[in-house]
Visitor: 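The structure follows.
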Amino acid sequence: MGINIKSRREIEIMRDANRIVAEVLETLREVVEIGMSTDELDKLAVKITRERGAVPAFKGYMGYPRALCVSINEEIVHGIPSKKKRIRNGDLVSLDYGVIYKGYYGDAAISVGVGEISDVAKNLMKVTEESLYKGIEQAVPGNHLSDIGHAVQSHVEGNGFNVVRDFVGHGIGKKLHEEPQVPNYGEPGRGVLLRNGMTIAIEPMVTEGTWKVKILSDGWTAVTADGKLAAHFEHTIAITDNGPEILSRL
Ligand code: MF3
Ligand code: CO
């Protein structure tokens, strides 16, 4: 129980794990195009991961069937790759990926627009990514945990969008999900005090309309209850006395 504090050495391993995640996501961002199946993206992610001596983290996690999550338009998270599912012009594609390397987890997500995307999709992605960085700014020793979620929520709602409540960020290390849970909403000044050596994944899921979610009959895919768009950005970071260090960045 409790929050695992990582040593400098552990954080360096997590940096290597998360660099692999970042390389995979960067490659997927470059290759994703109209007509491609989400299964092809999944296979490419696995190939790059293996080449780097790491193992995909999500496959088999709580029974999740694939390595990558690909969530399109009204899908928020946990979209399952499929040969039958192809990327179409104007899609807002969220890619969530994790690996295990030398016993430690890396986890990150990006949203990408493919082809001619709508202004609202563009703005939703921009605000979601900005909100992630607003949250990261608050991840400093001496702040409270909820200062992160408060900063995310304020930025999102200030721009007319909403934050999903049913999924949250998390501590990360030797396990994908460690304590604490990191909500993307809340009052400031609540929860544990942040301290040097904590490693957390901050992952705002932001919706154009309602923040209420539905789970599809595949048991995984989370969609917006109103069918409007969602975007998702995630970084794994280390909280240090020198400020937040983003581990899942190239
Ligand atoms: N980034 C998501 C999370 O941290 C991805 C989990 S997908 C799962 O919860 F398949 F592993 F559950
Ligand atoms: Co995560």
Side-chain angles (χ1 to χ4, degrees), residues 3-4 6 14-15 17-26 28-29 38-39 41-43 45-46 49 54-72 75-82 85 93-101 104-112 128-129 131-133 135-136 139 145 148-149 152 163-185 198-207 213 215-216 218-223 230-239 244 246-249:
I3 298 173
N4 297 318
K6 278 79 175 184
M14 288 185 67
R15 187 189 303 288
N18 280 284
R19 184 178 297 119
I20 295 167
V21 174
E23 285 172 354
V24 167
L25 290 175
E26 188 50 38
L28 297 182
R29 182 209 296 283
T38 58
D39 177 74
L41 294 169
D42 179 83
K43 291 209 165 76
V46 172
T49 303
V55 176
F58 297 168
K59 191 175 164 82
Y61 187 85
M62 310 272 286
Y64 185 73
R66 303 301 294 267
L68 180 70
C69 299
V70 187
S71 309
I72 302 177
E75 297 173 354
I76 305 165
V77 283
H78 304 159
I80 302 172
S82 158
K85 192 147 187 183
V93 180
S94 296
L95 304 164
D96 188 355
Y97 194 60
V99 306
I100 311 168
Y101 183 72
Y104 288 83
Y105 280 81
D107 185 11
I110 57 172
S111 291
V112 187
T128 307
E129 188 169 24
S131 76
L132 168 59
Y133 285 95
I136 291 171
L145 178 66
I148 296 170
V152 171
V163 292
V164 169
R165 318 297 206 252
D166 293 35
F167 300 97
V168 295
H170 48 93
I172 177 169
K174 287 184 180 170
K175 291 195 291 180
L176 177 60
H177 295 144
E178 298 187 348
E179 288 181 42
Q181 293 198 349
V182 184
N184 296 299
Y185 54 90
M198 290 178 176
T199 47
I200 57 174
I202 305 176
E203 50 179 316
M205 286 145 269
V206 176
T207 57
V213 317
I215 306 296
L216 298 186
D218 62 19
W220 279 100
T221 312
V223 300
H232 181 205
F233 283 85
E234 174 178 21
H235 272 310
T236 293
I237 66 146
I239 297 167
I246 300 175
L247 304 178
S248 51
R249 195 153 70 173

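Whatever order the structure lists them in is the order used to number ligands and atoms, beginning at 1.
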Visitor: Please give me the minimum heavy-atom distance between Phe233 and Pro204, naming the atom from each residue.
Guide: O-CD, 3.2 Å
Visitor: Can you tell me which portion of Val77 lies within the under-4.0 Å heavy-atom range of ligand 1? Options are side chain, backbone, both, or neither.
Guide: neither
Visitor: For a quick check under 3.5 Å, do Tyr97 and Thr49 share a side-chain donor-acceptor pair by atom type?
Guide: yes
Visitor: Measure the acute angle between the ring planes of Tyr64 and His78, then classify it against the limits of 30° and 60° as parallel, tilted or perpendicular.
Guide: tilted
Visitor: Between CG of Asp39 and CG of Leu68, what distance do you get to the nearest 0.5 Å?
Guide: 10.0 Å
Visitor: When only distance counts, is Glu234 in polar contact with ligand 1, meaning an N/O pair under 3.5 Å?
Guide: yes
Visitor: Check each atom of ligand 1 against the heavy atoms of His170 and keep those under 4.0 Å away; list them by number with element.
Guide: 3 (C), 4 (O)
Visitor: Can you tell me which N/O/S atom of Glu234 has the shortest distance to the Co ion (ligand 2)?
Guide: OE2
Visitor: Under 4.0 Å from any heavy atom of Cys69, which atoms of ligand 1 are there?
Guide: 7 (S)
Visitor: Is there a side-chain contact between Val182 and Val168 (heavy atoms, below 4.5 Å)?
Guide: no
Visitor: Please state which protein non-hydrogen atom is closest to atom 6 (C) of ligand 1 and give its distance, to 0.1 Å?
Guide: His78 NE2, 3.8 Å
Visitor: Is there side-chain contact between Asp96 and Asp107, with heavy atoms separated by less than 4.5 Å?
Guide: yes
Visitor: If we set the cut-off at 4.0 Å for heavy atoms, which region of Trp220 has an atom near ligand 1: side chain, backbone, both, or neither?
Guide: side chain
Visitor: Strictly under 2.8 Å, is the Co ion (ligand 2) approached by any N, O or S atom of His170?
Guide: yes
Visitor: Would Tyr64 count as a polar contact of ligand 1, with the cut-off being nitrogen or oxygen pairs under 3.5 Å?
Guide: no
Visitor: Heavy-atom count around Glu23 CD within 6.0 Å, excluding the residue itself: above 12?
Guide: yes
Visitor: Set out, in order, the CA-CA distance, both residues' side-chain angles and the distance that settles ring pair (Phe, Tyr, Trp, His ring centres under 6.0 Å) for His177 and Tyr105, then state yes or no.
Guide: CA-CA 9 Å; His177 295 144; Tyr105 280 81; 8.6 Å; no
Visitor: By atom name, which N, O or S atom belonging to Glu203 lies closest to the Co ion (ligand 2)?
Guide: OE2
Visitor: Under 4.0 Å from any heavy atom of Asp96, which atoms of ligand 1 are there?
Guide: 1 (N), 2 (C), 5 (C)
Visitor: Mind checking whether His177 has an N or O less than 3.5 Å away from an N or O of ligand 1?
Guide: yes
Visitor: With carbon and hydrogen excluded and only N/O/S kept, which atom of Asp107 is nearest the Co ion (ligand 2)?
Guide: OD2
Visitor: To the closest 0.5 Å, what do you measure between CG (Leu41) and CZ (Arg29)?
Guide: 13.0 Å
